[in-house]
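This report concerns only the one structure given below.
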Amino acid sequence: MNFPDRIFTEREIEQARKLIGAGYKHEIEIEGSPEFKEKVKNALRLIEEAGYYDFLRTYIKKIKEIDGFTQLREYEACIWANKYAVENPVDAASLFIQKAYCMREYLDGKPYYGGEFERRSIDQRIEFLRKLKEKTRNEKVKNECEVLLSKWEESVFL
């Protein structure tokens, strides 16, 4: 059984759930300019360092450069990201984990929108930043995690 090209109908969602339940992982495709690809790869290295790479590969199959707003395209299991979203690799990594969490909620049939969901997805992003800060040996990455965690603590979302 292959992973569905799109994940929209109940049948396609069920097929995706079965494969994920059996341990399926995507080979993440990066689509965009060479600069975009390099920045995404930097974020993916941080995700791997934090121990979240398998989680990301479970739910996301592509990260694509776009000119518009950064968003999760659930039916494609794809993150559409603009060049500004990947400028800071630590922030980009936390965003990708947040979007993977959103994809998991979508596949689990849970509400993946609205205030309460937004709060849960931000909590996942914050947890990722804490884990990355704990695991990295790179002082610049640790400092950036601290800066981002401080911003989230000051946020109206918390």
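Along the sequence shown, residues carry numbers from 1.
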Using the test ring-ring contact (aromatic ring centres under 6.0 Å, His included), find all partners of Tyr75 that sit at least two apart in sequence or belong to another chain.
-> none
Apply the test salt bridge (charged side-chain N to carboxylate O under 4.0 Å, His left out) to residues Asp123 and Arg120: give CA-CA distance (whole Å), side-chain angles for both, the deciding distance (0.1 Å), then the verdict.
-> CA-CA 5 Å; Asp123 287 346; Arg120 289 191 318 267; over 6 Å; no
Given Lys83 and Glu87, is the salt bridge (charged side-chain N to carboxylate O under 4.0 Å, His left out) satisfied, shown in steps?
-> CA-CA 6 Å; Lys83 64 183 180 180; Glu87 196 62 39; over 6 Å; no
Looking only at atom types and distance, does a side-chain atom of Asp108 sit under 3.5 Å from a main-chain N or O of Lys110, one as donor and one as acceptor?
-> no
Side-chain touch Phe96/Leu56, heavy atoms, less than 4.5 angstrom | yes
Just say parallel, tilted or perpendicular for the rings of Phe128 and Tyr52, cut-offs at 30° and 60°.
-> perpendicular
Between Ala43 and Ala93, the two heavy atoms sitting closest are O-CB, 3.6 Å
Looking at His26, Glu48, Glu27, which one forms a side-chain hydrogen bond (donor to acceptor under 3.5 Å, both in side chains) with Arg57?
-> Glu27
Between Glu65 and Asn82, a side-chain donor and acceptor under 3.5 Å = no
May I ask you to test the Asn88-Glu144 pair for a side-chain heavy-atom distance under 4.5 Å?
-> yes
Lys142-Thr136 side chain donor-acceptor pair, cut-off 3.5 Å = no
Do Arg73 and Ile79 come close enough that some side-chain heavy atom pair is under 4.5 Å?
-> no
Heavy atoms of Ala16 and Phe3 approach each other most closely as CB-CZ, 3.6 Å
If every non-hydrogen atom of Ala92 is compared with every non-hydrogen atom of Val86, which pair is closest and at what distance?
-> CB-CA, 3.8 Å
Would you please name every residue forming a ring-ring contact (aromatic ring centres under 6.0 Å, His included) with Tyr59, sequence neighbours left out?
-> Phe55
Enclosure of Asp5 CG (heavy-atom neighbours >12, cutoff 6.0 Å) = no
So do Glu49 and Arg45 actually touch side chain to side chain, heavy atoms under 4.5 Å?
-> no
Taking side chain as C-beta onward, heavy atoms only, is Lys131 less than 4.5 Å from Glu134?
-> yes
What do the steps show when you test Glu14 against Arg17 for salt bridge (charged side-chain N to carboxylate O under 4.0 Å, His left out), and what is the final call?
-> CA-CA 5 Å; Glu14 186 56 35; Arg17 278 189 202 137; 3.1 Å; yes
For the residue pair Gln98 and Ile122, what are the closest heavy atoms and their distance?
-> NE2-CG1, 3.7 Å
Side chain Tyr24, main chain Asn2, donor-acceptor under 3.5 Å = no
Taking every non-hydrogen atom, the tightest pair across Arg125 and Ser94 | NE-OG, 3.0 Å
Quick one: name the residues clustered hydrophobically with Ile66, using the 4.5 Å side-chain heavy-atom rule over I, L, V, M, F, W, Y, and just say none if it's on its own.
-> Trp80
Close side-chain approach of Val90 to Cys145, heavy-atom, < 4.5 Å | yes
Quick one: are Thr70 and Tyr84 in side-chain contact, heavy atoms under 4.5 Å?
-> no
With Glu31, which residues qualify under side chain to side chain donor-acceptor pair (under 3.5 Å), at least two apart?
-> Lys62
Side chain to side chain donor-acceptor pair (under 3.5 Å) filter on Glu29, not counting sequence neighbours, yields none
For residues Thr9 and Glu12, report the shortest heavy-atom separation together with the two atoms involved.
-> N-OE1, 2.8 Å
Taking the side chain as every heavy atom from C-beta outward, state whether Met103 and Leu72 have any atom pair closer than 4.5 Å.
-> yes
Applying side chain to side chain donor-acceptor pair (under 3.5 Å) to Lys133 and not counting sequence neighbours gives Glu146
